[in-house]
Amino acid sequence: MYPPVSRFDDVAKINLTDLAFWSQPFGDRDAAFAALRRAPRPMHFREPAMPGYPHGAGYYALVHHADIAEVSRRPQDFCSAPTGISIVDLPQEFNNFFGSMINMDNPQHARLRRIVSRAFGRGMAAEFEAASRKAARQIVDDLIATGPCDFVRQAAAIMPIAVLSGMMGIPPSDYEFIYDRSNIIVGTFDPEYVPRLDQATPALLRTSRELGGYIARLAADRVKNPTGDLITRLVHAEIDGERLTPEELSSFFILLVIAGMETTRNALSRGLVLLTEHPEQRELLLSDFDAYAPRAVEEILRMATPINWMRRTAARDCEVNGHTFAKGDKVLLFYCSANRDEKVFEDPYTFDITRDPNPHLTFGSVGPHFCLGAHLARMEVTVFFRELFGRLPHIRSEGEPRRLVASFVEAIKHVQCVF
């Protein structure tokens with residue numbers, strides 16, 4: 001789709017830390033990563049400037065599928081602590097809200113994952129599918145009643161919020177609260193959500209406190225008045241006599257907002273755009289949805305890659321595929337680049353819903369941090385598009401999507417749909 005161009009052969013001109021890099025057209029970005037994959041070793045970059053924080057030592061960019069897979073399966077050499085979601089080492093106050101299992105190593109990570117997996121494991125598939133079907137039906141009902149609109153605001157963002165909130169016992173009247181605060185968490189550096197850079201840290205802390213306080217109030221109520229919903233299961237889930245602490249539950253909820261809601265929202269938005277840009281692929285999908293949907297969903301997830309990167313920190317001096325790293329080195333695993341790696345994917349810039357195999361790293365690679373809810377995200381996307389195209393077969397995106405100003409999350413924040 002986007003053949004690499006030669007102007008990025010000088011890798012010294014590439015700056016992955018600059019937010020302007022992430023706002024480029026996808027073709028330019030793909031060309032830059034293709035150039036980085038041709039470089040003889042991982043490139044080193046400066047850390048972003050954060051008000052009130054000194055510059056750190058920088059980070060190495062891992063852009064090859066093989067390198068990212070290797071690091072992911074070696075948690076003893078590359079740890080997730082102190083954080084997997086920030087280039088800059090954040091102060092302890094942030095860990096009160098973002099200190100979830102995504103930023104932990106074993107044994108703490110394994111303990112927390114065992115507890116929450118009872119509520120999010122494959123045994124919950126039937127319940128999640130029923131909730132997804134219910135949410136998708138209501139969203140399409142509302143789309144038909146509303147007419148052409150902002151697809152993100154009216155559909156893609158609402159789907160994951162409705163599914164998880166419905167299962168957690170969160171009333172629809174609070175969807176707006178969650179939507180607004182999730183925008184601030186993932187769009188901290190987008191002026192639409194946080195107007196000034198010096199407001200970024202206070203806004204992130206304030207929003208995290210609000211979400212943490214909200215879930216804490218619900219959890220306290222479920223302790224006294226269990227209802228059988230997802231929050232009730234989480235507060236009562238017990239492994240070897242251990243339960244989630246209130247702080248762990250709050251940070252897990254914030255993780256759900258980012259990993260469980262934002263990623264699905266962005267896969268749905270990008271999916272509509274991709275199927276609009278490639279009408280022949282759309283026609284193929286609609287010719288036999290159930291036959292083509294499994295591979296189509298994987299290809300949408302590969303092309304969308306809603307989480308661009310995760311961070312790891314070298315726990316000791318070590319080597320990865322001939323590259324040497326010192327203890328304390330930060331490395332960023334650029335999934336968006338791995339999902340275009342020419343050594344793994346034939347015609348990687350082509351959107352092909354029949355692609356097979358499709359070993360994308362959208363949910364991470366083999367290792368302790370592979371996404372716990374990957375099967376649920378796939379289900380949500382499948383159920384949503386089945387309902388959407390089954391009832392609105394001619395729906396399409398219109399105009400240029402407006403993308404989020406961010407590097408961690410790859411998001412469309414607004415795109416019009418017509419039908």
Side-chain angles (χ1 to χ4, degrees), residues 14-30 32-33 45-51 53 59 61 63 83-88 90 94 97-98 102-103 150 152-153 156-157 160-161 178-208 211 254-270 273 301 303-311 330 332-340 361-364 371 400-415:
I14 299 171
N15 183 3
L16 301 183
T17 304
D18 188 353
L19 284 176
F21 172 87
W22 297 95
S23 298
Q24 295 180 97
F26 287 120
D28 290 346
R29 248 176 43 184
D30 283 342
F33 277 111
F45 294 89
R46 285 172 57 86
E47 294 186 14
M50 290 278 287
Y53 298 91
Y59 62 91
V63 296
T83 177
I85 60 175
S86 171
I87 301 174
V88 177
L90 298 174
F94 279 89
F97 306 105
F98 296 98
I102 204 169
N103 297 325
D150 181 349
V152 177
R153 182 66 186 85
I161 291 177
I178 295 172
Y179 174 77
D180 289 342
R181 279 143 190 85
S182 67
N183 283 336
I184 292 174
I185 287 179
V186 300
T188 305
F189 300 106
D190 190 314
E192 179 175 345
Y193 303 121
V194 181
R196 299 201 320 264
L197 183 61
D198 63 350
Q199 297 173 331
T201 299
L204 188 57
L205 278 173
R206 182 183 66 252
T207 300
S208 303
L211 282 173
I254 293 173
L255 173 62
L256 282 181
V257 168
I258 300 173
M261 297 183 185
E262 287 297 323
T263 53
T264 302
R265 156 186 175 172
N266 298 326
L268 296 177
S269 302
R270 188 78 186 278
V273 173
L301 290 167
M303 295 296 289
T305 315
I307 300 296
N308 279 316
W309 53 263
M310 282 284 182
R311 173 185 149 186
K330 299 177 184 179
L332 262 58
L333 315 180
F334 282 99
Y335 304 124
C336 56
S337 176
N339 284 350
R340 307 291 191 275
L361 300 185
T362 296
F363 297 114
C371 179
E400 189 69 22
R402 290 179 56 194
R403 291 159 53 197
L404 185 74
V405 178
S407 70
F408 180 67
V409 174
E410 182 56 56
I412 294 174
K413 57 182 181 178
H414 302 291
V415 64

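As a basis for the values below, the full set of heavy atoms in this structure was taken, side chains included, without hydrogen atoms, waters or symmetry mates. This one's a predicted model, so the numbers in the text were calculated from it and none came from an experiment.
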J.: Any chance the side chains of N308 and S407 put a donor and an acceptor closer than 3.5 Å?
T.: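 Not at all, the side chains of N308 and S407 share no donor-acceptor pair under 3.5 Å.
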J.: Ring centres of W309 and F408 under 6.0 Å apart?
T.: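 Yes, they do, as the ring centres are separated by less than 6.0 Å.
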J.: Run the ring pair (Phe, Tyr, Trp, His ring centres under 6.0 Å) test against Y59 and tell me which residues pass, sequence neighbours left out.
T.: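 In terms of ring pair (Phe, Tyr, Trp, His ring centres under 6.0 Å), with neighbours along the sequence ignored, Y59 is linked to F45.
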J.: Has the side chain of R270 got a donor or acceptor atom that lies under 3.5 Å from a matching backbone atom of M303?
T.: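 Answer holds: yes.
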J.: Judged by modelled atom types alone, do E262 and S182 share a side-chain donor-acceptor pair under 3.5 Å?
T.: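 Note: E262 and S182 side chains meet the donor-acceptor criterion.
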J.: Does any N or O in the side chain of D150 come within less than 3.5 Å of the main-chain N or O of H414, such that one atom is a donor and the other an acceptor?
T.: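 Not at all, since once roles are kept as given, no pair shorter than 3.5 Å links the two residues.
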J.: Working to the nearest 0.5 angstrom, can you tell me the gap between N183 CG and R153 CZ?
T.: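 CZ of R153 is found 8.5 Å from CG of N183.
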J.: Within the 4.5 Å heavy-atom criterion, are V415 and R402 side-chain neighbours or not?
T.: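 No. Closest side-chain heavy atoms not under 4.5 Å.
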J.: Any heavy-atom pair between the side chains of N266 and I412 that's under 4.5 Å?
T.: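 Not touching, per the 4.5 Å side-chain cut-off.
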J.: If only atom types and distance count, is the side chain of K330 paired as donor or acceptor with the main-chain N or O of R311 below 3.5 Å?
T.: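 No, K330 side chain to R311 backbone: no donor-acceptor pair under 3.5 Å.
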J.: When rounded to the nearest 0.5 angstrom, what is the spacing between CG in N339 and OG1 in T362?
T.: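 So the CG of N339 and the OG1 of T362 are separated by 4.0 Å.
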J.: Does the D190 side chain pair with the main chain of V405, one donor and one acceptor, at a distance under 3.5 Å?
T.: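 Yes; judged by distance alone, with no hydrogens or angles, the pair exists.
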J.: Between T188 and I185 (side chain of the first, backbone of the second, donor and acceptor by atom type, cut-off under 3.5 Å), is there such a pair?
T.: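 Checking the backbone N and O of I185 against the side chain of T188, a donor-acceptor pair under 3.5 Å is found.
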J.: Hey, could you give me the CG/CG distance between L361 and L333, rounded to the nearest 0.5 Å?
T.: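 Between L361 CG and L333 CG, I get 9.5 Å after rounding to 0.5 Å.
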J.: According to salt bridge (charged side-chain N to carboxylate O under 4.0 Å, His left out), who are the partners of E410, at least two apart in sequence or on a separate chain?
T.: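 For E410, the residues satisfying salt bridge (charged side-chain N to carboxylate O under 4.0 Å, His left out) (neighbours in sequence not counted) are R29, R403.
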J.: Ring centres under 6.0 Å, that's the criterion: do F33 and F21 meet it?
T.: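 For F33 and F21, the ring centres are under 6.0 Å apart.
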J.: Keeping the roles fixed (side chain from T305, backbone from Y335), state whether a donor-acceptor pair exists under 3.5 Å.
T.: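 Not a single qualifying donor-acceptor pair exists.
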J.: Taking T17 for the side chain and P48 for the main chain, is one N or O donor matched with an acceptor at less than 3.5 Å?
T.: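 No: the side chain of T17 does not pair with the backbone of P48.
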J.: Apply side-chain contact (heavy atoms from CB on, under 4.5 Å) to residues M261 and I161 and explain how you reach the verdict.
T.: CA-CA 6 Å; M261 297 183 185; I161 291 177; 3.8 Å; yes
J.: Measuring from atom CZ of F189 to atom CG of L204, what distance do you get when rounded to the nearest 0.5 angstrom?
T.: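 Output value for this atom pair is 8.0 Å.
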